[in-house]
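Working notes for the structure below.
Indexing begins at 1, ligand by ligand and atom by atom, following the structure's order. Nothing here was measured: the structure is a model prediction, and the numbers come from that model. Quick note: residue numbers are just sequence positions, from 1.
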Amino acid sequence: MSETVLLIGGGGREHAIARALEESDADLYACAGNRNPGIARIAEGFETLETTNPEAVVEYAADVDAGIAVIGPESPLEAGVADALEEAGVYAFGPKEADARIETDKAFQRRFMRENDVPGCPDFETFDDMEAACDYIDEYDGDLAIKPAGLTGGKGVKVIGDQVTAEEGKAYIRESDYDRIVLEERLIGEEFTIQAFVANDTLETAPAVQDHKRAYEGDEGPNTGGMGSYSDATTHLPFMTENDYEEAVSIMEATVDALEDYRGILYGQFMLTAAGPKVVEFNARFGDPEAMNTLPVLETDFLDVLTAARDGDPVPELEFAGRATVCKYAVPAGYPTDPEAGAKVQVDEESVARAVRATQDSSGDEPRESAGDALLYYASVDEREDGIYTTTSRAFAVVGVADSITDAETIAEDALEVAGDEGLHVRHDIGKPDLVQRRIDHVNDLRGE
Ligand code: AMP
Ligand code: GLY
């Protein structure tokens with residue numbers, strides 16, 4: 001029997017989810033605040049609505065007779081969309097509002113780790129008195145990360161000693177009107193993401209991914225929602241050991257144990273420090289861009305995961321293709337501080353589909369088809385009658401899939417070239433050999449190797 005699935009959200013991550021369900025026996029419907037042309041094309045129906053309005057989502061779910069819903073972004077989780085769907089008899093793959101606090105309330109998240117003895121928690125304090133927070137900065141021996149407790153799309157964190165000085169950090173706290181902030185030990189190392197599929201007290205993890213938060217090449221500029229990301233053909237990344245990956249997975253297992261009845265994706269953001277992996281944060285959903293690295297190499301039918309979760313079964317053992325991926329976002333000029341919304345985006349999808357690169361074989365003369373794929377994902381663009389327009393967020397992404405990160409990166413670049421990224425900004429350094437080598441050198445330095 002086919003299943004009717006409602007997908008909530010209209011970004012690149014949700015386009016990747018739609019693709020993962022496209023091949024399966026799902027009747028897919030989708031709703032989002034923007035009309036994402038990639039999702040709209042795959043889905044049998046697409047409704048533009050406010051996804052943080054639980055009644056609107058439930059009404060559409062009833063209209064299409066959905067049995068399962070997949071919630072992509074964090075804002076509907078925070079608004080209680082999963083709770084409302086459950087009440088209406090729709091199985092929501094995404095945590096209830098109270099469980100989503102693991103992401104939506106960073107103060108709760110840190111206290112939760114401390115109270116449940118989850119390993120990998122940095123030293124932290126929470127504050128609702130901003131002057132007391134400034135005093136703590138003056139007294140603390142070392143650098144601190146300043147984190148607003150609520151959602152800021154990854155853009156509210158300021159790290160002393162990295163992005164700001166202590167004085168600038170205090171000025172930031174005083175100028176902002178946050179009710180509550182977390183001050184925590186600055187972690188030094190390399191970041192990576194592990195996404196776990198969780199249901200019925202079981203979890204299965206995907207290969208690690210490294211996102212790039214800073215807006216400009218060389219990790220300069222303001223933090224963004226993520227400019228691009230890569231994963232390797234192995235579960236771990238070139239700067240990690242398999243043991244680092246396993247250690248991070250065990251932190252996620254301890255978290256899921258302590259959460260009880262959590263369901264959906266649990267996203268662990270880790271810093272690989274000299275003392276091993278530490279938790280930067282948890283999210284209650286797939287990462288964006290990380291979903292675009294993970295779902296194209298997921299060989300298990302995503303619908304099987306959803307139905308097992310709904311039926312009270314363990315999450316099926318996940319199979320991954322064992323291939324590397326490199327994802328690069330094209331974002332509006334000025335993103336994230338002053339993004340140019342309303343610009344027309346022209347994407348040549350046909351050419352991207354053909355952008356499978358011909359590489360030279362080892363003898364250097366006979367060209368051969370590289371075993372690679374180029375994928376295109378639409379993100380926060382809006383399709384109108386006369387074309388596709390940017391919003392204030394990321395426009396589209398390309399993903400190269402190949403046997404090595406280097407080949408995947410070349411494919412992603414070729415895809416970008418033919419897709420046409422005029423007027424948009426891209427971090428071309430993501431996945432290039434010298435940036436990956438810098439990550440390896442960084443960790444080797446920290447470990448004194
Ligand atoms: P978050 O919204 O918690 O993911 O933070 C955004 C970014 O800020 C992270 O991806 C890190 O680059 C940085 N960050 C957050 N917490 C820390 C920390 N304790 N030490 C160093 N950097 C951090
Ligand atoms: N790529 C970071 C996030 O999805 O939060």
Side-chain angles (χ1 to χ4, degrees), residues 9 11-14 16-17 72-75 77-78 100 102-110 113 120-126 140 142-164 169 172 178 181-195 206 208-215 219-231 265-275 277-295 327-329 331 336 379-380 393-394 397 427 430 439 442 446:
R13 161 183 52 211
E14 289 77 27
I17 296 170
E74 60 276 24
S75 48
L77 296 170
E78 184 181 40
I102 195 82
E103 164 165 12
T104 60
D105 182 345
K106 289 184 200 287
F108 167 81
Q109 192 268 302
R110 288 308 192 205
M113 287 188 78
C121 187
D123 198 20
F124 75 93
E125 290 297 331
T126 61
Y140 190 80
D143 289 333
L144 291 162
I146 303 167
K147 302 176 125 176
L151 290 178
T152 60
K155 295 158 206 151
V157 175
K158 300 275 180 249
V159 182
I160 296 175
D162 181 20
Q163 294 146 292
V164 293
Y172 171 69
Y178 298 125
I181 61 170
V182 179
L183 294 179
E184 66 185 32
E185 171 193 358
R186 176 190 176 194
L187 300 168
I188 296 182
E190 279 299 323
E191 286 184 69
F192 64 94
T193 302
I194 295 180
Q195 297 158 105
V209 184
Q210 187 174 48
D211 184 21
H212 297 69
K213 298 247 168 171
R214 298 299 196 87
D219 296 318
E220 303 283 341
N223 270 347
T224 69
M227 292 297 297
S229 44
Y230 64 91
S231 63
I265 301 298
L266 183 68
Y267 165 121
Q269 178 77 27
F270 293 92
M271 186 77 81
L272 181 56
T273 70
K278 304 279 175 211
V279 176
V280 174
E281 66 166 343
F282 285 114
N283 291 328
R285 48 167 176 87
F286 280 117
D288 188 346
E290 292 94 329
M292 292 181 283
N293 301 92
T294 301
L295 290 168
C327 174
K328 302 197 188 202
Y329 252 127
V331 303
S380 299
S393 195
R394 300 168 289 187
R427 266 192 67 172
I430 294 169
R439 309 296 193 215
H442 185 200
L446 288 173

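- Nearest heavy atoms, F270 versus P277: CD2-CB, 4.1 Å.
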- Take E190 and Q210, measure what side-chain hydrogen bond (donor to acceptor under 3.5 Å, both in side chains) needs, and give me the verdict at the end. CA-CA 9 Å; E190 279 299 323; Q210 187 174 48; 2.8 Å; yes
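- With sequence neighbours excluded, the residues satisfying side-chain hydrogen bond (donor to acceptor under 3.5 Å, both in side chains) with T193 are Y267, Q269, E290.
- Distances between N or O atoms of K147 and those of ligand 1 include at least one value under 3.5 Å.
- Within ligand 1, the atoms closer than 4.0 Å to a non-hydrogen atom of K213 are 4 (O), 10 (O), numbered from 1 in the order shown.
- In plain terms, the two heavy atoms of G72 and I17 that are nearest each other are CA-CD1, 4.5 Å.
- Some N or O of L187 is nearer than 3.5 Å to an N or O of ligand 1, by distance alone.
- Contacts of E184 classified as salt bridge (Lys or Arg N to Asp or Glu O under 4.0 Å), with partners at least two apart in sequence or in another chain: R110, K147.
- At a 4.0 Å heavy-atom cut-off, ligand 1 touches E185 through the backbone alone.
- Interface atoms of ligand 1 facing E191, defined by a heavy-atom separation under 4.0 Å, are 9 (C), 10 (O), 11 (C), 12 (O).
- Every atom of ligand 1 is numbered from 1 in the order shown, and the set under 4.0 Å from a heavy atom of A145 is 17 (C), 18 (C), 19 (N).
- Summarising the geometry of Y230 relative to N293, their closest heavy-atom pair is CA-ND2, 3.6 Å, with the distance given to 0.1 Å.
- If you check each of D123, T224, V159 against atom 13 (C) of ligand 1, the one with the closest non-hydrogen atom is V159.
- Polar contact with ligand 1: present for E281 (N/O pair, distance under 3.5 Å).
- Interface of K106 with ligand 1, defined as ligand atoms under 4.0 Å from a residue heavy atom, comprises 1 (P), 2 (O), 3 (O).
- The CZ atom of R427 sits 8.5 Å away from the OG1 atom of T224 when rounded to the nearest 0.5 Å.
- In this structure, K278 does not count as a contact residue of ligand 1, since none of its heavy atoms falls inside 4.0 Å of the ligand.
- Applying the salt bridge (Lys or Arg N to Asp or Glu O under 4.0 Å) test to E185 and every residue at least two apart in sequence or in another chain returns nothing.
- When all heavy atoms of P122 and L187 are compared, the closest pair comes out as CB-CD2, 3.9 Å.
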Could you walk me through whether K213 and D219 satisfy the salt bridge (charged side-chain N to carboxylate O under 4.0 Å, His left out) test, starting with their C-alpha distance in whole Å, then the side-chain angles of each, then the deciding distance to 0.1 Å, before giving a yes or no? CA-CA 8 Å; K213 298 247 168 171; D219 296 318; over 6 Å; no
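- Residues of the protein with a heavy atom under 4.0 Å from ligand 2 are D211, K213, G225, Y267, N283, R285, G287, D288, P289, E290, listed by chain and number.
- Of all the atoms in ligand 1, the ones that sit under 4.0 Å from a non-hydrogen atom of E184 are 16 (N), 17 (C), 18 (C), 19 (N).
- Pairing each heavy atom of A208 with each of F192, the nearest pair is CB-CD1, 4.2 Å.
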